[in-house]
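Atom set for the values below is all heavy atoms of this structure, side chains included, hydrogens, waters and symmetry mates excluded.
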Amino acid sequence: MIPSLSDGAVIGFEDLTVRYGKKTVLENISFRVPAGSVYALLGRNGVGKSSAVRCLLGQQKPTNGRITLFGQDVWKHRARLMEKVGVIPEEPDAPSDMNAKQIVQFCSSLYPSWDPNSVNERLARFKVPMNVAFGSLSKGQKGQVALALALGSSPDLLVLDDPTLGLDVVARKNFFEELVGELADRGMTVIITSHDLTGIERIADRIGIVKDNKLVVDEEIETLKAKFRRIRYPNKGIESAYGNALDTLDTVQVKVSGWGVEAVVSNYDELSFNKFRNIGGIMDAEVSAMSLEDIFTAIVGEKGE
């Protein structure tokens, strides 16, 4: 029996491995999501985030390992557990010829805890036309319908699989503002995958990053941001020495150019940096904080690689 990581957690990924034939998509992924927290699972396209979401929702059986929801194996108890879960898929999914009013009425019959007032108020607030076929709505309107339906059942857990993909700047902003308000009011547990790292930085408590099929980061977001810094200093003819100087720090990325050296370090602290800038030949070293997007890019590789 696999030792449980999920005691006291809403979600427990326990040595999850997913393979398609000979191709390994995820390997020995383990992390937990405590109640009331927001966990962002990040990674470049094709690293297995959608596979992880399907396993989480009991739609796919993992090759090895398991996922627990509320302390129970989701593959074995999916029907009962899904009553507590709201889902927003990457592509909002509803019959294209049904309008929002019909979709809401249909969903209301499926959940005993359905909150019709909150659903209708949300759709009215974002001016989603209730009598227009779902297939004729804009991408942003479809996203708002998906959010309203996911929250309508008053879920304990909200699962969002890249919910703002393809939305314009205004629609993305509206979506995250609505989500932030709901989190403040309800205290739900959330797990989200997204490429919108600016939005993620506003709402996430903890970050997981998948690279080369493995979970390489599982950290509280503020701890992660405190560890990462960008350091710059002029070359001054010491190109041959920069590597030895940076050995005192844990470098994730180093770039050397004619004007100087730029490095991203993942174990920053004031004491280590002061020792570093006192090394002979290091002059005018500057340090700056990094956004989540900068950190993510440094860890998984530059775009286009």
Side-chain angles (χ1 to χ4, degrees), residues 11 13 26 29-34 36-50 52-53 56 88 90 143 158-184 188-232 249-255 262-270 272-273 286-305:
I11 297 172
F13 275 65
L26 296 170
I29 302 294
S30 296
F31 65 88
R32 61 203 302 270
V33 181
S37 64
V38 179
Y39 193 101
L41 186 64
L42 309 177
R44 298 186 71 173
N45 289 337
V47 300
K49 301 187 301 297
S50 292
V53 170
L56 171 64
I88 302 180
E90 182 178 312
L158 188 62
V159 179
L160 303 98
D161 189 11
D162 219 348
T164 60
L165 185 67
L167 298 185
D168 61 32
V169 173
V170 174
R172 289 200 305 270
K173 182 174 181 292
N174 289 339
F175 183 92
F176 277 108
E177 284 182 350
E178 187 77 359
L179 185 57
V180 167
E182 288 297 326
L183 294 176
M188 285 182 302
T189 306
V190 177
I191 183 167
I192 180 172
T193 73
S194 180
H195 290 87
D196 187 348
L197 299 187
T198 301
I200 289 295
E201 193 164 1
R202 293 178 57 198
I203 66 170
D205 301 312
R206 196 170 184 91
I207 301 294
I209 297 178
V210 179
K211 180 182 180 181
D212 298 331
N213 315 123
K214 297 183 179 181
L215 191 70
V216 296
V217 171
D218 178 23
E219 197 94 61
E220 290 186 2
I221 188 169
E222 294 306 323
T223 302
L224 182 68
K225 291 174 68 176
K227 287 181 177 180
F228 275 76
R229 289 291 187 275
R230 179 174 282 109
I231 294 174
R232 296 185 178 96
L249 301 168
D250 187 0
T251 56
V252 175
Q253 191 180 75
V254 179
K255 296 179 181 178
E262 178 179 293
V264 173
V265 301
S266 62
N267 66 333
Y268 177 83
D269 63 69
E270 292 288 347
S272 298
F273 179 65
E286 298 179 350
V287 62
S288 58
M290 299 174 64
S291 67
L292 177 60
E293 183 172 353
D294 292 336
I295 294 169
F296 175 80
T297 302
I299 292 172
V300 304
E302 296 285 359
K303 292 180 180 179
E305 286 184 346

Do you know which two heavy atoms are closest between V190 and V33, and how far apart they sit? O-CG1, 4.3 Å

If you count heavy atoms of other groups shown closer than 6.0 angstrom to CD of E286, is the number above 12? no

Of all residues at least two apart in sequence or in a different chain, which pass the side-chain contact (heavy atoms from CB on, under 4.5 Å) check with E220? R206, T223

Are the side chain of S272 and the backbone of Y268 linked by a donor-acceptor contact shorter than 3.5 Å? no

Hey, are D294 and S291 close enough side-chain-wise for a donor-acceptor pair under 3.5 Å? yes

Taking K49 for its side chain and G43 for its backbone only, find out whether a donor-acceptor pair lies under 3.5 Å. yes

What residues form a side chain to side chain donor-acceptor pair (under 3.5 Å) with T193, not counting sequence neighbours? D161

Any side-chain to backbone donor/acceptor pair from N267 onto D250? Under 3.5 Å, distance only. yes

With K214, which residues qualify under side-chain contact (heavy atoms from CB on, under 4.5 Å), at least two apart? E27

Can you list everything that forms a side chain to side chain donor-acceptor pair (under 3.5 Å) with R172? Sequence neighbours excluded, please. D196

Counting only heavy atoms not in K225, do more than 12 sit closer than 6.0 Å to its NZ atom? yes

Do you know which of T189, V53, I192 makes side chain to side chain contact (heavy atoms under 4.5 Å, CB included) with V159? V53

Ignoring hydrogens, what is the shortest heavy-atom contact between E201 and I221? Give both atom names and the distance. CA-CD1, 4.0 Å

Could you tell me whether a side-chain N or O of D218 sits under 3.5 Å from a main-chain N or O of G208, the two making a donor and an acceptor? no

Tell me, please, which residues at least two apart from E90 pass side chain to side chain donor-acceptor pair (under 3.5 Å). none

Applying side chain to side chain donor-acceptor pair (under 3.5 Å), name anything that partners T198, two or more places apart in sequence or on another chain. none

